[in-house]
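Everything below concerns the one structure shown next.
These numbers were taken from a predicted model, which means no experiment stands behind them. Lettering follows sequence order; numbering is per chain, from 1.
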Protein chains: 2
Amino acid sequence: MSTDWAAHDLKVQNHHGGNLAATSRIRHVLIAAITAGDIAPGARLKEIDLGQQLGVSRTPLREAMSALKAEGVLSIGDDGGLRVRTLDYQDIHALYQLRAKLESMAAELAAAQASPAEREFIAEIRAKESILVNDGINPATLAKLNGQFHQSIALASHNSFLVETLQRLSILMVLLGPTAYSLAERVREIGAEHDAINNSIQTHDPIAAKQAASIHLQNAVKARLQLIASGHKDNID
Amino acid sequence: MSTDWAAHDLKVQNHHGGNLAATSRIRHVLIAAITAGDIAPGARLKEIDLGQQLGVSRTPLREAMSALKAEGVLSIGDDGGLRVRTLDYQDIHALYQLRAKLESMAAELAAAQASPAEREFIAEIRAKESILVNDGINPATLAKLNGQFHQSIALASHNSFLVETLQRLSILMVLLGPTAYSLAERVREIGAEHDAINNSIQTHDPIAAKQAASIHLQNAVKARLQLIASGHKDNID
DNA sequence: TTGCATACATTTGCATACAATATAAGAAAA
DNA sequence: TTTTCTTATATTGTATGCAAATGTATGCAA
């Protein structure tokens, strides 16, 4: 395996005082590496190797892994070693099923009680996304914007635990493989579905929003299953 | 503050191989201490003191705290110190709102697709609970059985992420204070509500199960708010 | 060849030591 | 008295070393 994925650094987003450096950074780097496919699900993470590649000692590394284990990203395999969690067919269904329920709940609540500023914010993200789609921007950018769209809706639900939970589930999505706004066809569909959600929110229609989000996720899992079946491998919404 | 809560030990429930000793144990002890009210929300956790009381060094302690932070039980306060998370009025609403959605989802799925064995298991727990209620058993035992009831339903949903998420939320419930099956009146109501859920599951009626679970949680939050208003302090379902 | 046992190597778990940073207290100057 | 600078102390962050546990390989015997 190449060792260059340690290059997944990023400005340490330490807004006020938090756990500035290592532990938090390691967590992000590991997630990034998994997202990029540099570390595959099932791969065993050995503390010493990992520490050397990341340039940190085992102590903060273990803390990061402890957190990731709690989040369900890592798990202890049959051999006792810590591994990247693997999702089987049933897990994929379960994950999407739960996300569908929660995303539609978020959309419903957002449509009912988002503030004007929040509605505008959601609309702006959707507009940006729409433009980028037409420009044929790279998948990674679209995936990021997609995440922002969903998160802005979650935030507008004004339910912090819903936000946390969806955040957690979206991290688990990386276990399905690299994101794939690479299928032009599906990209268009996603745009239309996002539009439906956004419109419902803008018109204060909770029922429609809930419905639209539900359909969106239903199509997402369908697309995912197609990808799996075709062995094509790639992550969609 | 008394230091005797370190006595919250417990047989190391290490069924196959897990993290037998310190890190895992610390996590449980801390949760138990918070549940019992020995450590109040908002309290700052200082590594050295804590380590001495628990008889462990800071390293495993930090790992446990790192995990609890990821789970949302602990959070970093304004001063940068790690504290037990405090829930404000809105948080309580949000927590119950999310639980309501997920518990009803679990009940719905369980009613639709639980195996015969799973249905029997759920019914047995309910029966046990019913007997204990009539015997006037202590609140702690009832709370434990209540947890088993809800968990057995979650498991019967056959959605592992739903199980994980509900598990996580139920841990956060400890932040609301000590459990309170101490209100005789509410105990009876809970029994009736559990019966409704159980019956719907036994008769394979997903819609009724969903409805019953939803009502159950709605009443739970109402009871909780009453407790808060009366300053009576005590945890209900 | 298969099963088992023992020895070896690897890896994790924990503790201690060290470093850096934040906090509080106190003294000096305005 | 108030403010600020300094110093001391408390607390968290990181590294390393050691011990225990666990997986793995090798060899022997059936």
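- Rounded to whole angstrom, the span from the CG atom of A/Leu61 across to the P atom of D/dA15 amounts to 10 Å.
- Side chains of B/His150 and B/Glu103: a donor-acceptor N/O pair is present below 3.5 angstrom, by distance only.
- Within the nucleic acid shown, A/Leu45 comes within 4.0 Å of sugar-phosphate atoms alone, with no base atom in reach, counting heavy atoms only.
- Atom C1' of nucleotide D/dT22 and atom CD of A/Glu47 are separated by 14 Å, given to the nearest angstrom.
- For A/Glu118 (side chain) and A/Ser115 (main-chain N/O), a donor-acceptor pair under 3.5 Å exists by modelled atom type.
- Mapping A/Arg58 and B/Lys46 onto DNA chain D by nearest heavy atom places B/Lys46 at the nucleotide closer to the 5' end.
- Note: CD (B/Gln52) to C1' (D/dT12) measures 15 Å, nearest angstrom.
- Open room surrounds CG on A/Asp78; 12 or fewer heavy atoms of other groups in view lie less than 6.0 Å from it.
- Between B/Asp49 and B/Thr59, it is B/Asp49 whose nearest contact on DNA chain D lies nearer the 5' terminus.
- One distance of note links NZ of B/Lys144 with CG of B/Asn138; it measures 10.5 Å at 0.5 Å rounding.
- Following rounding to the nearest Å, A/Ile48 (CD1) and C/dT10 (P) show an atom-to-atom distance of 10 Å.
- Atom-to-atom, CD1 of A/Ile76 to P of C/dT12 comes out at 12 Å; the value is rounded to the nearest Å.
- Residues meeting the side chain to side chain donor-acceptor pair (under 3.5 Å) test with B/Glu71, sequence neighbours left out: B/Arg27.
- In the model, A/His158 has no side-chain atom that pairs as donor or acceptor with a side-chain atom of B/Gln90 under 3.5 Å.
- To the nearest angstrom, C1' of D/dT12 lies 14 Å from CZ of B/Arg83.
- OP1 or OP2 of D/dA10 has not a single side-chain nitrogen or oxygen of B/Arg44 nearer than 4.0 Å.
- Look at CE on A/Met65: it is 13 Å from P on C/dC14, rounded to the nearest Å.
- With sequence neighbours excluded, the residues that form a ring pair (Phe, Tyr, Trp, His ring centres under 6.0 Å) with A/Phe149 are A/His194.
- Helical stems in DNA chain D, defined as runs of 3 or more consecutive Watson-Crick or G-U wobble pairs with donor-acceptor distances under 3.5 Å: C:1-30 with D:1-30.
- In this structure, A/Asp79 places its CG atom 12 Å from P of D/dT22, rounding to the nearest Å.
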